[in-house]
Amino acid sequence: MPYLIYPICLFVLSRLRRVREASGTSRPVTFVISAYNEATVIREKIENTLALEYPKDFLQIVVISDESDDGTDEIVAQFPSVELFRQSPRQGKSSGINASFGQFRGEIVVFSDANAIYHPDAVSHLVRHFDDERVGYVAGRQMYRQGGGAAQESENAFWDFELLLKAWESRLSSVVGGDGAIMAIRRELFTPLKVDDINDFVLPLRMVVAGFQGRFEPDAVCYEEAAPSFRGEFRRKVRIVNRSLRAVSRVPQALNPFVVGIFAAQLFCHKVVRWFAVFLMLGALVNSGVLAFAGLPAYVCLFAAQLCSYVVALAARWTPLGNWKPAMLLYYFCMANIAGGLGVLNFFVGRKFVVWTPQRDTVATGAEPTA
């Protein structure tokens with residue numbers, strides 16, 4: 001459903017809506033860079049931000065340092081026009097945003113990551129949508145740099161599909177969620193976050209519930225590095241699903257069609273069903289297996305097809321079959337859904353589950369690291 005039926009329905013319905021063109025008025029902007037021990041990238045990030053094609057007298061740049069101890073703060077201090085907010089003790093991104101929010105002067109607040117490099121005109125493309133008073137947030141187009149191996153190639157392929165969904169959702173009603181690397185909001189619509197909130201999901205949900213809309217702007221582009229390995233990508237997806245499910249639980253009205261209209265269906269089909277997809281896949285495998293052993297020919301074929309798919313996915317990871325791109329994409333699909341299921345279990349059960357990480361096998365709880 002989230003990978004076939006929903007995209008088809010979304011595309012068809014989005015074609016029935018007329019798009020209102022954004023005009024492009026410049027507005028005072030606070031550009032927020034969240035950082036924890038980002039000494040290796042913070043200089044490039046600040047230089048990239050200072051070079052943005054946006055009126056300098058309309059641009060306030062704030063770096064939130066979450067008690068960095070690697071020289072990040074000292075590098076920021078070398079740029080007199082950049083304001084540093086140091087959070088101590090370390091409490092995480094959302095707490096840093098809460099604590100520093102009174103320092104923000106812009107009518108529009110742009111949230112960014114320290115490793116996200118923007119196109120020069122990205123902020124202008126984000127801000128132009130706010131001429132429409134119905135718009136509360138705008139998500140840009142985060143892209144992954146090319147040439148990082150099988151993990152990044154697979155992530156890029158699925159991310160291209162995700163960007164299509166964002167564009168169609170934006171045209172139909174509101175894009176589901178933002179993007180922590182490139183997202184703009186109206187300052188007046190900000191509401192305090194809990195320490196474990198995922199700001200680029202909780203804030204958009206609250207705004208939609210309050211009656212505002214979210215747009216996706218494909219011309220507002222930034223680049224980040226994808227996880228360098230499948231292990232890193234697996235761990236990241238477990239964490240994201242866990243925190244995103246928590247966000248929906250804190251803004252349940254976002255699933256009520258009488259409150260948010262068709263956005264409720266978008267949120268349910270795009271996000272919630274996808275998070276639970278691994279359980280549906282397991283249920284389909286068991287059900288078709290039982291019916292296959294009962295001698296029903298159609299289910300024999302269905303069960304065999306599922307088993308072959310999972311065998312190919314495993315073989316793609318551990319054998320030369322991984323050089324065949326469709327097999328590697330199948331492996332990535334299975335890995336992503338297993339990670340989502342683990343994130344769901346962490347949320348509901350509250351126990352510790354072993355998570356595959358880049359360095360070693362470790363234990364993940366329901367809490368997001370503050371990095």
Side-chain angles (χ1 to χ4, degrees), residues 28-50 59-106 108-118 178-185 187-203 206 222 224-225 227 232 235-236 238-240 242-244 246-247 250 346 352 355 357-359 362-371:
V29 167
T30 296
F31 192 96
V32 181
I33 305 170
S34 296
Y36 167 69
N37 284 355
E38 302 286 1
T40 58
V41 297
I42 194 65
R43 183 181 300 278
E44 180 187 10
K45 175 61 177 177
I46 292 175
E47 291 173 347
N48 171 253
T49 307
L50 291 171
L59 186 63
Q60 175 196 21
I61 304 173
V62 178
V63 176
I64 303 174
S65 174
D66 196 10
E67 201 178 35
S68 298
D69 56 10
D70 68 338
T72 295
D73 297 5
E74 290 73 16
I75 295 173
V76 175
Q78 296 173 19
F79 297 87
S81 62
V82 177
E83 301 176 28
L84 173 67
F85 181 90
R86 179 175 174 81
Q87 176 173 252
S88 183
R90 185 182 177 204
Q91 299 179 60
K93 183 177 182 178
S94 294
S95 292
I97 293 171
N98 285 343
S100 61
F101 195 79
Q103 186 174 320
F104 302 169
R105 299 187 296 273
I108 306 300
V109 179
V110 176
F111 295 107
S112 180
D113 293 333
N115 63 338
I117 300 302
Y118 279 42
D179 191 316
I182 182 166
M183 181 180 77
I185 70 168
R187 183 183 184 278
E188 64 196 63
L189 298 181
F190 176 82
T191 49
L193 299 160
K194 293 187 177 181
V195 66
D196 56 352
D197 275 341
I198 182 168
N199 72 298
D200 59 349
F201 201 44
V202 169
L203 292 177
R206 289 175 179 171
C222 76
E224 281 192 343
E225 299 287 349
R235 184 169 184 255
R236 186 178 74 89
V238 172
R239 186 174 68 243
I240 288 174
N242 179 274
R243 297 187 72 195
S244 297
R246 189 182 309 141
R250 289 174 178 170
N346 281 348
K352 297 179 178 180
V355 171
T357 65
Q359 296 80 19
T362 187
V363 170
T365 66
E368 156 96 284
T370 52

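Side-chain atoms are counted along with the backbone in the values below, which use heavy atoms only and exclude waters and symmetry mates. Being a predicted model, the structure only gives us computed values, none of them experimental.
Atom CG of D200 is separated from atom CD1 of I198 by 4.5 Å, given to the nearest 0.5 angstrom. Rounded to the nearest 0.5 angstrom, E38 CD and I75 CD1 are separated by 10.5 Å. To the nearest 0.5 Å, atom CG of residue L84 and atom CD of residue E74 are 9.0 Å apart. Summarising the geometry, atom CZ belonging to R43 is positioned 14.0 Å from atom CG belonging to N48; distances are rounded to the nearest 0.5 Å. Rounding to the nearest 0.5 Å gives a distance of 4.0 Å between CD1 of I97 and CG of N199.
A donor-acceptor pair under 3.5 Å is absent between the side-chain atoms of N37 and the main chain of T72, judged by distance alone. A donor-acceptor pair is defined here as one N or O able to donate and one able to accept, closer than 3.5 Å; such a pair exists between the side chain of T30 and the backbone of G106. Here the side chain of S112 pairs no donor or acceptor atom with the backbone of I182 at under 3.5 angstrom. The main-chain N or O of N115 is never found under 3.5 Å from a side-chain atom of E224 such that the two would form a donor-acceptor pair. Using a distance-only test at 3.5 Å, with no hydrogens or angles considered, a donor-acceptor pair links the side chain of D179 to the main chain of A181. Although no hydrogens or angles enter the test, the distance criterion places no donor-acceptor pair under 3.5 Å between the side chain of N98 and the main chain of P192.
Ring centers of F190 and F111: at least 6.0 Å apart, outside the cut-off.
Using a 4.5 Å heavy-atom cutoff, the side chains of Y36 and K93 are not in contact. Residues I33 and I42 have side chains in contact (heavy-atom distance under 4.5 Å, counting atoms from C-beta outward). Using a 4.5 Å heavy-atom threshold, the side chains of V32 and I64 count as touching. In this structure the side chain of V110 reaches within 4.5 angstrom of the side chain of Y118, judged on heavy atoms. Side chains of V76 and S65 form no contact here, defined as non-hydrogen atoms less than 4.5 Å apart.
More than 12 heavy-atom neighbours from other residues, nucleotides or ligands sit within 6.0 angstrom of CD on E47.
With hydrogens and angles left out, the side-chain atoms of S68 and D70 include no donor and acceptor closer than 3.5 Å.
With respect to R250 and D196, a salt bridge is recorded, a charged nitrogen being found less than 4.0 Å from a carboxylate O. Classification of R90 and D69 as a salt-bridged pair fails, no side-chain N sitting under 4.0 Å from a carboxylate O.
Closest approach of D66 and P89 over heavy atoms only: OD1-O, 4.4 Å. Considering all non-hydrogen atoms of both residues, G92 and Q87 come closest at O-NE2, 3.1 Å. Across all non-hydrogen atoms, the minimal contact from A247 to V202 is CB-CG2, 3.5 Å. What you find for S88 and E67 is that their closest heavy atoms are OG-OE2, 3.0 Å.
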Residues V41, I117; criterion side chain to side chain contact (heavy atoms under 4.5 Å, CB included); working and verdict: CA-CA 10 Å; V41 297; I117 300 302; over 6 Å; no
Run the side-chain hydrogen bond (donor to acceptor under 3.5 Å, both in side chains) check on S94 and D197 step by step: do they pass? CA-CA 6 Å; S94 294; D197 275 341; 6.0 Å; no
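Q103 is linked by a side chain to side chain contact (heavy atoms under 4.5 Å, CB included) to Q60, V62, E83, F85, counting only residues two or more places apart in sequence or in another chain.
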